[in-house]
Structures are given as C-alpha cells and as structure tokens.
There are 2 protein chains.
Amino acid sequence: MDVQTLGARAKAASYALMTMGTEQKNRILLAMADALEARAEAILSASDEDVAAAEQKGMSRAMLDRLALNRKRISDMADGLREVAKLPDPVGGADQMVRRPNGLLIAKRRVPLGVIAMIYEARPNVTVDAAGLCIKSGNAVILRGGSEAIKTNTVLVRIMNAAGAQEGLPAGAIGLVEDTSRETATELMRLNDYVDVLIPRGGAGLIRAVVQNATVPIIETGLGNCHVYVDDDADLDMAERILFNAKCSRPAVCNAAEKLLVARPVAKAFFEKGLEPLRAKGVELRCCEEACALIPWAIPATAEDWFTEYDDLILGVKVVDGLDEAISWINAHGTKHSECIVTENYTKAMRFMDEVDAAAVYVNASTRFTDGGEFGLGAEIGISTQKLHARGPMGLNELTTVKYCVFGSGQVR
Amino acid sequence: MDVQTLGARAKAASYALMTMGTEQKNRILLAMADALEARAEAILSASDEDVAAAEQKGMSRAMLDRLALNRKRISDMADGLREVAKLPDPVGGADQMVRRPNGLLIAKRRVPLGVIAMIYEARPNVTVDAAGLCIKSGNAVILRGGSEAIKTNTVLVRIMNAAGAQEGLPAGAIGLVEDTSRETATELMRLNDYVDVLIPRGGAGLIRAVVQNATVPIIETGLGNCHVYVDDDADLDMAERILFNAKCSRPAVCNAAEKLLVARPVAKAFFEKGLEPLRAKGVELRCCEEACALIPWAIPATAEDWFTEYDDLILGVKVVDGLDEAISWINAHGTKHSECIVTENYTKAMRFMDEVDAAAVYVNASTRFTDGGEFGLGAEIGISTQKLHARGPMGLNELTTVKYCVFGSGQVR
C-alpha cells in the first residue's frame with residue numbers, strides 16, 4: 001500500500017480511536033498480545049528469513065542479535081502490550097477547567113494527537129511497543145521500520161491488526177510502510193495532510209535526515225553525547241562507581257556516558273584510581289592534552305571527538321578548570337540529553353542543575369536512569385532531546401495534546 | 001548584524017536569562033515600558049517614515065492603519081509590558097516531584113525554551129509584545145518583522161535593549177533582523193544551532209513558507225477557517241446572535257467565523273431571519289447549491305471557497321444533513337482553530353465537542369473568544385493551530401519547556 005493511502009486510512013482510523021473508551025482499547029491490546037503468542041511460529045519463521053538475509057549482507061553480530069526474535073522475546077513483546085493495557089488512559093479528562101467572568105466554562109481536555117508516524121531502525125520490538133502505546137493513547141500509527149526487519153514487521157503488524165479488529169480496532173489504525181526505500185521515508189516526512197507528528201528513532205544519520213527533510217511536526221529523539229563531570233568537591237569513590245555504571249552498564253544506549261570532565265585539582269588523583277574499572281573493562285580513552293600527560297593508556301582526542309556519541313566502550317576525557325568551564329563546555333558540546341555532576345558541594349550542585357541545558361540533569365547519580373520505566377512513566381516511546389512538546393522520556397501523556405472545550409449559553413464578545 | 005551573529009548573541013544571552021530571577025525580569029520590563037513612553041518622539045518619527053514609504057508603495061488604508069503608531073498606541077504597548085510584569089513567572093518550579101523506589105528524587109521543572117525566533121508582518125506592536133513575553137518567560141528572542149515596519153521596529157528594539165541593559169538585560173537578548181529580505185527569513189528558519197523554536201505570525205503564505213522551509217522546530221499559528229454549525233435543535237435566535245458576532249465583530253482576525261453550516265430541517269427558517277443582520281452589514285454570502293436556492297442574495301461558492309479564510313465580510317454557507325455531516329465536513333475543511341455548534345440537544349453538543357478536531361470547540365458561544373485574554377492566560381504570543389507543544393492561545397507557560405532535575409546520593413543502575 002502506498003504512503004498516501006496509508007495516511008488517508010490512518011487519519012480515518014484516528015477519528016474512531018479519538019473517542020474510543022479505555023476498556024475497549026485495553027481489550028484490543030490484550031487481544032493483540034494473545035495473538036502474538038499464539039502466532040509465534042509465523043513470527044519466528046519471518047524473523048529467520050530476515051536474519052538469514054541480514055547475515056548474507058554481512059550484518060554485525062551485535063546488530064543480528066538486536067534483529068533476531070525468539071519465543072522469549074515474543075512473549076516479552078506480548079507482556080509489554082499487557083503492561084500498557086494496565087497503564088492509566090491519558091485521554092479525555094481535563095488538566096484544568098475554569099469558569100470565566102462571562103460564564104463560559106472552559107475545560108482544557110487531553111486528547112490524542114491523531115496520527116503518529118515512526119521511522120526507526122533494526123529492532124522489531126519497536127513495532128509492537130509503538131503500536132501498543134499509540135493505540136492506548138487513542139492514536140493511529142504509521143510505522144516505517146528498516147529493510148532488515150521488513151518480513152518480521154509485516155507479520156507482526158498483520159497479526160496485531162487482525163486480532164485488534166476482532167475487538168473493534170478500525171482498519172488502518174496500524175499502518176506499515178512495506179516499501180522500505182528512502183523515497184517512502186521522505187514521503188512520510190512530508191505527509192502533512194495526514195501525519196500529526198513524526199518520531200524518528202535511530203542513529204544520528206536518521207535524525208539528521210528527518211530534521212532536514214521533514215515538513216510535518218517532529219520530535220527528535222535519542223542522541224546522547226552525555227557527560228559526567230567530576231567536581232573538585234566530589235566523593236571520588238562515588239564518582240568512580242557512577243562513571244563506571246554510566247559508561248559500561250550498557251554502552252550502546254543513548255543515556256550512556258560518552259565524556260568525562262574532571263576538575264583540575266582532583267584530576268591526577270581521580271585518574272590514578274577512578275579509571276581502573278574502565279581499564280579492566282577495556283574502555284578506550286580519548287583524552288585532551290592535559291589528561292594524556294596524566295594517563296599512560298590515553299589516546300589523543302580529535303576536535304570531532306568532543307561532539308561524538310560513540311555508543312561503544314570509548315570515553316572522551318577532558319580536564320577542566322572547574323564548574324564554570326564544565327557547564328559551558330557541556331552546553332556547547334552536549335546533545336541536551338543527560339548530564340551529571342558528582343559533587344558534595346551544595347551550591348555547585350544547584351548551579352549545575354540550573355545552568356546546564358539538558359532534558360535530564362543529575363547530581364550524584366548515573367545518567368543511565370534517563371528512561372521511561374526508571375522515571376515512573378510505565379513505558380516509553382522514545383527520549384526527546386528537543387524542547388518542543390516533550391523533553392526526556394516520553395510516555396503515554398506525551399502522545400496526547402490538548403483541546404479547549406468551551407461550554408457556553410449564548411455568549412458573544 | 002547578520003543572522004548567524006544574532007543567533008550566537010541570543011543563545012549566549014539565553015543562558016543568563018534562563019536563571020534570572022523574577023524580580024529582575026520585572027524591573028527590566030518596567031524600564032522598557034517607561035523608555036518607550038519617554039522616547040515616543042523618536043518612535044513616532046520612525047513610524048511616520050514607514051507610513052510615508054508604505055503610502056508611496058500603495059498600501060491599503062486598512063494596512064496603513066495597522067502599521068501607523070500614535071501616542072495612544074505607544075502607551076498601550078508600554079502598558080502591555082507592565083501587564084506582563086504583573087503576570088506570574090512560569091519558570092523555575094516543578095510540575096511534579098517524585099521519589100523513586102531507589103531514592104532518586106526527580107523534579108520535572110519548568111524552564112525557558114532558550115531562543116525564540118518570530119517572523120511576522122506589518123504591526124509593530126508585535127515587536128514589543130513578543131519581546132516582553134519572551135523576557136518574562138526567560139527566553140532570548142530574535143525578531144524578524146516585515147519591511148514595511150522596519151524603521152519603527154529598529155527604534156523600538158534599540159529603546160528596549162538600552163533601557164533593559166540598565167537593569168541587567170544581557171546584550172543580544174532582543175535581536176532584530178534588520179535586513180528584511182526573503183533570504184534572512186529563510187536563514188532564520190534554518191538556524192538550528194541557535195533557535196529553539198520559531199513562531200510565525202501572519203497570513204497563509206507566510207505560514208506555508210515556514211512549514212515548507214524550516215528545519216528548526218516551529219509552532220504554526222493563526223490560520224482560522226472557523227465554522228458555526230446551526231443544528232436542527234438550535235435556538236435560532238441564539239444562533240443568529242452568535243453567528244453575527246462570530247462573523248462581524250472583527251472580520252479580519254483568525255477567530256472570526258468564515259463558514260456557516262445549517263442543518264437541513266431548519267435551513268429555510270434560519271436563512272429567512274437569521275441572516276438579516278449579516279445582510280444589513282453588507283456580508284457577501286458564498287453558498288452551496290441548496291442554500292443558493294433559498295437565499296435571494298446568495299453567490300454560488302466554488303470548491304476552493306470551502307477551504308478559504310476570507311478575513312473579510314464574506315461568509316461561506318452550506319446546508320448539511322445534520323450533526324454527522326457537520327462534524328466530518330469541519331474535520332475535512334477546517335484549519336483546526338475554533339469551531340462552534342449551536343444546539344439545545346445535550347448529546348449532540350457532547351458529540352460535537354468530542355469528535356471535532358480543533359484547538360477550541362464551542363457549544364453555544366461565539367468563536368471570537370479564542371484569545372489569550374479571554375481564556376484567562378493574561379497575554380498571548382499567538383494562537384497555535386498545530387498539536388505539538390501548544391494548542392490554542394499561547395501564554396507565558398507555552399514559552400517554556402521542562403527539565404528533569406534528578407537529586408541522587410550515588411545511585412547506579
């Protein structure tokens with residue numbers, strides 16, 4: 001089905017979803033979950049085909065692992081839908097309702113966005129997660145996954161639509177762009193008649209392409225050049241634990257630390273002991289001149305390093321004068337995702353929180369907590385690194401907008 | 001000053017404004033207000049130059065009136081700044097603060113957006129209004145007004161910056177693009193390094209150009225193809241009053257009604273009496289075939305009419321079957337601004353509110369109320385007709401975003 005048709009069908013479906021009750025939406029989600037498990041064979045066989053094709057194309061082992069499904073992963077996806085069914089419905093109520101002096105009663109109600117488009121890479125679980133979150137929040141969704149997962153995604157969407165239809169899910173509510181050429185992605189980015197918001201999830205190249213080409217409203221997600229700043233008033237043992245966790249617990253994700261800034265007065269002391277766990281883990285350090293002189297295993301950093309998100313066991317290391325330089329450095333080089341200071345000094349902690357411009361700012365805790373689950377949102381469709389509409393982890397609430405409902409009795413102005 | 005330099009200066013200023021206290025921001029606004037009145041001569045002389053040049057170019061009387069300033073209008077602009085100083089500061093507090101099971105204390109604080117760019121037409125009061133609202137909400141602003149008002153805008157911005165500086169307004173906080181060529185507007189739309197959000201205010205052509213060309217996040221504003229639907233259960237006298245007010249009280253603004261839909265059972269009766277006030281006012285009616293047959297002074301509507309915002313004493317008129325057709329017609333032809341039903345039927349009123357997709361949906365009240373002042377926001381920087389970030393009238397709160405501040409004690413994941 002072409003992108004225009006998918007758009008028109010999704011828009012039509014969105015009007016039915018807009019007013020659908022919570023109980024029905026939950027029944028749809030549970031039916032979808034059951035169907036995914038019941039049809040596991042079909043999903044696995046599609047997944048095997050995708051994996052075989054990707055192997056032939058020479059995909060890396062790590063990427064193949066993200067692509068491949070097994071029974072456990074299918075059950076996890078189904079359980080994900082069941083969890084979303086349990087979450088409170090963000091739609092329909094009012095954030096506030098006021099009576100104006102002229103008697104008008106104005107409710108600012110929370111309503112679905114309408115049609116949400118997603119462009120994403122590799123992992124097929126995004127297909128199920130996104131569909132579940134969009135339906136629960138009353139939105140239709142148009143999915144455009146990568147070519148590597150197209151067979152799996154096609155089967156997943158067919159199963160979800162068929163099971164959902166049994167409980168009244170309107171046709172077109174979950175659309176999949178089956179032609180994974182670059183042209184369909186661009187078409188989706190410019191489908192202003194039908195798409196209310198486009199959320200890209202993937203690497204820097206994808207995000208850049210969307211920012212440059214989209215005419216529909218977008219939410220940028222997931223670029224994380226995150227810093228840990230070890231202040232001269234830091235508890236250096238705590239700094240060592242936080243740094244190791246932020247860098248090494250899951251290096252490929254966007255909330256992992258990519259850069260270490262250390263205040264000059266404690267640089268030598270921290271480098272001597274605090275970097276040992278990283279060395280044992282095989283982390284490569286790309287360092288400023290001053291750090292190079294203090295760390296035997298350092299590699300000199302290039303100017304580009306300071307802007308790079310490695311998503312790997314690599315860490316940029318820089319010595320700074322202190323708090324002021326740390327703040328201005330982060331504001332100039334970060335991606336406004338997650339930034340951390342380790343310090344025992346109250347005033348410096350508060351200044352860092354106030355003055356660093358990022359979605360999440362941490363004092364004495366790992367950047368790895370920037371996550372919908374960890375923040376208590378229950379689920380997450382992505383982590384926004386823009387300032388418009390949503391910032392940081394986006395849950396169900398971030399998939400809604402508002403509508404002013406004005407109850408009058410003949411008022412004119 | 002070129003657009004890049006304006007951007008860099010605004011971004012630097014935004015960091016100082018981000019943490020500036022409310023009292024200081026208010027002192028800046030009051031100093032700006034006083035300076036505008038004290039320097040009224042200089043403003044009037046610039047305004048006279050702009051008006052003379054516009055007259056030579058053959059600008060219409062209505063446009064000239066919007067462009068020209070006088071002492072009263074200067075005082076009104078100054079009073080506007082004083083009103084903004086009185087409004088509560090949206091910045092710094094938290095919408096919510098939670099303690100997570102692991103002890104992390106997470107505050108979702110409200111913070112400024114950073115740098116707001118505005119592209120707008122003719123009226124120089126927007127220059128002062130926008131500067132005041134942006135500063136109060138802790139943002140730097142880059143203004144790009146039209147060529148017709150460039151001398152006036154230049155003087156206004158100089159006066160505001162100079163007066164603000166006395167109270168600590170950072171240099172570059174209010175930037176003005178003095179080169180009003182199309183190229184500078186396009187450059188501003190693509191200034192992603194510095195601009196956090198761009199708000200266009202103007203006609204359909206400007207909004208379309210921004211949607212097509214911008215790579216920075218934008219908020220679409222102010223396109224209003226608004227409908228009044230007179231239901232077969234309407235109080236026809238009330239419908240007559242509401243329609244007249246919605247169409248005629250200020251036809252050039254975006255919340256004025258542009259279309260009338262009437263349910264077939266009451267069409268003849270309503271047309272006979274309810275349109276009389278419009279006829280007396282000289283409103284031109286562009287009608288569907290059925291309405292043409294019932295209204296002696298009707299002009300046949302073209303297909304394009306149904307999508308057109310006239311901003312003039314013109315009204316499109318269409319007979320519909322009833323509620324269902326009214327809702328689907330509005331969703332297909334409206335601009336998602338303000339839509340109204342007149343009815344005494346409770347169920348139909350609630351359905352209209354639920355099913356019409358617009359920023360403001362009215363039962364038995366004029367669409368003309370969609371306005372920051374009327375909704376109790378205190379002031380307004382525009383009316384958003386998109387769904388992302390802000391919808392309907394945008395006040396100070398809509399010029400902010402959130403930041404998660406995470407207070408830890410050594411937590412790792």
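Here is the naming used below: chain letters follow the sequence lines, and residue numbers restart at 1 for every chain.
Contacts between Ala358(A) and chain B at a heavy-atom distance below 4.5 Å involve the backbone alone (N, CA, C, O). Of the atoms belonging to Ala359(A), it is backbone heavy atoms, and not side-chain ones, that fall under 4.5 Å from chain B. If you measure heavy-atom distances from Met353(B) to chain A, the contacts under 4.5 Å come from both the backbone and the side chain. Only the backbone of Val356(A) comes within less than 4.5 Å of a heavy atom in chain B; its side chain stays farther off. Proximity to chain B is absent for every atom of Ile327(A), based on heavy atoms less than 4.5 angstrom apart. Only the side chain of Ile106(A) comes within contact range of chain B, judged by heavy atoms closer than 4.5 Å. For Pro101(A), no part lies near chain B; criterion is any non-hydrogen pair under 4.5 Å.
A distance of 4.5 Å separates CG of Asp354(A) from CZ of Arg109(B), quoted to the nearest 0.5 Å. Taken from CD in Gln386(B) to CG in Asn192(A), the straight-line distance is 10.5 Å, to the nearest 0.5 Å.
Residues Phe375(B) and Val98(A) have side chains not in contact (no heavy-atom distance under 4.5 Å, counting atoms from C-beta outward). Residues Arg368(B) and Gln411(A) are not in side-chain contact: their nearest non-hydrogen atoms beyond the backbone lie 4.5 Å or more apart. Using a 4.5 Å heavy-atom threshold, the side chains of Tyr15(A) and Ser328(B) count as separate. For the pair Ile242(B)/Val412(A), a side-chain contact is recorded, criterion being any heavy-atom separation below 4.5 Å from C-beta on. Residues Phe369(A) and Leu104(B) are in side-chain contact: their nearest non-hydrogen atoms beyond the backbone lie under 4.5 Å apart.
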Could you walk me through whether Lys387(A) and Glu398(B) pass the salt bridge (charged side-chain N to carboxylate O under 4.0 Å, His left out) check?
CA-CA 11 Å; Lys387(A) 296 180 177 180; Glu398(B) 282 69 30; over 6 Å; no

